[in-house]
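Remarks on the structure that follows.
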Amino acid sequence: QNGTVTWEVDLTGRYINLSDATFATAQYRPEELTLRTHFYDLHPEKGREEFKVKMLGYLEKGEPFRNVLHPVTTKSGGIAWFVSSSIPLRNAQGNLRGAWGTSTDITERIRAEDARRESERKYRILTETMKDVVWIVDVDTLRFLYISPSVEKLLGYIPEEVKRGT
């Protein structure tokens with residue numbers, strides 16, 4: 001499984017068809033949701049109404065959308081993150097009948113990004129509160145990429161001045 005769910009919804013947003021990847025990504029069997037659940041029902045309660053209005057707007061206008069990031073409440077109650085895209089579907093007479101799309105599970109990427117940001121936050125707190133000067137230099141250009149604020153007490157220059165070489 002590649003973590004991508006294919007789906008089809010009618011004009012109300014109700015699932016008409018879901019691929020088997022639904023189970024691997026959100027722990028639901030397709031038959032648990034097909035013809036029973038609207039796509040917005042899986043959005044966490046907080047933000048659900050805004051998500052519903054935004055996405056039904058695309059659906060009602062027959063507009064495609066691309067790379068919409070959104071959370072999904074999994075069957076176990078956890079949160080999975082998806083990026084979704086869709087195209088409108090029309091019947092033989094050209095009338096809008098719903099949308100077909102894909103939703104790719106990017107939960108691990110979101111968690112990795114959150115962990116990286118948290119690590120950077122801790123590193124910044126550490127470097128900005130210690131008395132020693134910490135710097136990062138680009139080895140190719142020998143330019144400072146980062147200098148901790150403690151350089152001002154040591155040299156009398158703020159980090160930006162040191163970076164500029166003034």
Side-chain angles (χ1 to χ4, degrees), residues 1-129 134-141 145-146 148:
Q1 299 273 350
N2 67 3
T4 298
V5 176
T6 58
W7 47 265
E8 182 181 337
V9 294
D10 65 16
L11 289 175
T12 68
R14 184 179 57 166
Y15 286 114
I16 300 301
N17 193 5
L18 282 159
S19 67
D20 289 339
T22 306
F23 185 77
T25 59
Q27 304 158 348
Y28 293 101
R29 291 187 322 279
E31 59 271 16
E32 292 178 276
L33 303 176
T34 302
L35 301 177
R36 296 181 178 156
T37 306
H38 295 82
F39 68 84
Y40 50 81
D41 295 329
L42 299 178
H43 192 286
E45 192 171 326
K46 183 178 182 181
R48 181 181 298 157
E49 189 60 29
E50 297 86 81
F51 178 72
K52 174 183 173 182
V53 168
K54 176 182 175 183
M55 302 315 289
L56 283 177
Y58 288 115
L59 189 58
E60 291 165 357
K61 294 175 190 170
E63 294 179 350
F65 62 83
R66 286 183 45 122
N67 301 323
V68 173
L69 176 66
H70 60 95
V72 167
T73 304
T74 64
K75 188 172 181 179
S76 65
I79 298 294
W81 285 91
F82 287 82
V83 64
S84 297
S85 299
S86 88
I87 57 171
L89 292 175
R90 299 188 179 278
N91 63 21
Q93 294 75 36
N95 297 319
L96 193 60
R97 66 175 184 83
W100 178 90
T102 62
S103 296
T104 301
D105 185 348
I106 61 165
T107 304
E108 290 307 313
R109 185 176 87 193
I110 295 291
R111 287 182 183 150
E113 288 171 359
D114 288 347
R116 179 190 50 81
R117 276 193 295 278
E118 179 61 14
S119 176
E120 287 173 355
R121 184 187 72 77
K122 289 176 182 176
Y123 176 75
R124 185 164 302 277
I125 289 170
L126 177 67
T127 61
E128 291 181 355
T129 58
V134 175
W135 66 86
I136 300 173
V137 175
D138 182 316
V139 294
D140 294 325
T141 65
L145 300 175
Y146 174 82
S148 62

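Because only heavy atoms are used, hydrogens play no part in the values below, and waters and symmetry mates are left out as well, while side chains stay in.
Under 4.0 Å is where a charged nitrogen must lie from a carboxylate oxygen, and between Glu8 and Arg14 no such pair does. Between Asp114 and Arg117 there is a salt bridge, since a side-chain N of the basic residue sits under 4.0 Å from a carboxylate O of the acidic one.
Ring geometry for Phe39 versus Phe51: interplanar angle over 60°, hence perpendicular rather than tilted (30 to 60°).
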- Task: Check the pair Glu108 / Arg111 against salt bridge (Lys or Arg N to Asp or Glu O under 4.0 Å), numbers first and verdict last.
- Result: CA-CA 5 Å; Glu108 290 307 313; Arg111 287 182 183 150; 3.1 Å; yes

- Message: Please evaluate residues Ile106 and Leu69 with respect to the criterion side chain to side chain contact (heavy atoms under 4.5 Å, CB included), reporting the C-alpha separation (whole Å), side-chain torsions for both, the decisive distance (0.1 Å), and the verdict.
- Response: CA-CA 9 Å; Ile106 61 165; Leu69 176 66; 3.4 Å; yes

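Smallest separation of non-hydrogen atoms from Val5 and Ser19: CA-OG, 3.5 Å. Across Leu11 and Leu59, no two heavy atoms sit closer than the pair O-CD2, 3.5 Å. Across Leu33 and Tyr15, no two heavy atoms sit closer than the pair O-CB, 4.0 Å. The nearest pair of heavy atoms linking His38 to Thr12 is CD2-O, 3.1 Å. In terms of heavy-atom proximity, Trp7 sits nearest to Leu18 at CB-CD2, 3.7 Å. The two residues Arg36 and Glu31 have their closest heavy-atom pair at NH1-O, 3.2 Å.
A 4.5 Å side-chain heavy-atom check between Tyr28 and Leu42 finds at least one atom pair inside the cut-off. Using a 4.5 Å cut-off on side-chain heavy atoms (C-beta onward), Ile125 and Arg121 make contact. Side-chain contact check for Lys54 versus Glu50: every heavy-atom pair is 4.5 Å or farther apart. Taking the side chain as every heavy atom from C-beta outward, Leu145 and Val137 never approach each other to under 4.5 Å.
For Ser119 (side chain) and Ala115 (main-chain N/O), no donor-acceptor pair under 3.5 Å exists by modelled atom type. In this structure, the side chain of Thr25 engages the main chain of Ala21 through a donor-acceptor pair within 3.5 Å. The backbone N or O of His43 sits less than 3.5 Å from a side-chain atom of Arg48, completing a donor-acceptor pair.
Here OG1 of Thr22 is found 11.0 Å from CG of Asp105. Values are rounded to the nearest 0.5 Å. Atom NZ of Lys61 is separated from atom CG of Leu56 by 11.5 Å, given to the nearest 0.5 angstrom.
More than 12 heavy atoms of other residues, nucleotides or ligands shown are found within 6.0 angstrom of OH on Tyr40. At most 12 non-hydrogen atoms from other residues, nucleotides or ligands lie less than 6.0 angstrom from CZ of Arg66. For Glu120, the CD atom is densely surrounded, since the number of other residues' heavy atoms within 6.0 Å is greater than 12.
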Show me the donor-acceptor pairs within less than 3.5 Å that the side chains of residues 75-85 make with the rest of the protein, sequence neighbours left out.
from  : atom 1 : to     : atom 2 : distance (Å)
Lys75 : NZ     : Glu32  : OE1    : 3.4
Lys75 : NZ     : Glu32  : OE2    : 2.5
Ser76 : OG     : Gln27  : OE1    : 2.9
Ser76 : OG     : Thr74  : OG1    : 3.2
Ser84 : OG     : His70  : NE2    : 2.6
Ser84 : OG     : Ser103 : OG     : 2.5
Ser85 : OG     : Asn67  : N      : 2.9

Distance-only donor-acceptor hits, side chain of residues 86-94, under 3.5 Å, sequence neighbours excluded:
from  : atom 1 : to    : atom 2 : distance (Å)
Arg90 : NH1    : Gly94 : O      : 3.3
Asn91 : OD1    : Gln93 : N      : 3.0
Asn91 : OD1    : Gly94 : N      : 3.1
Asn91 : OD1    : Asn95 : N      : 2.9

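Thr6 and Thr102 share no side-chain donor-acceptor pair at under 3.5 Å.
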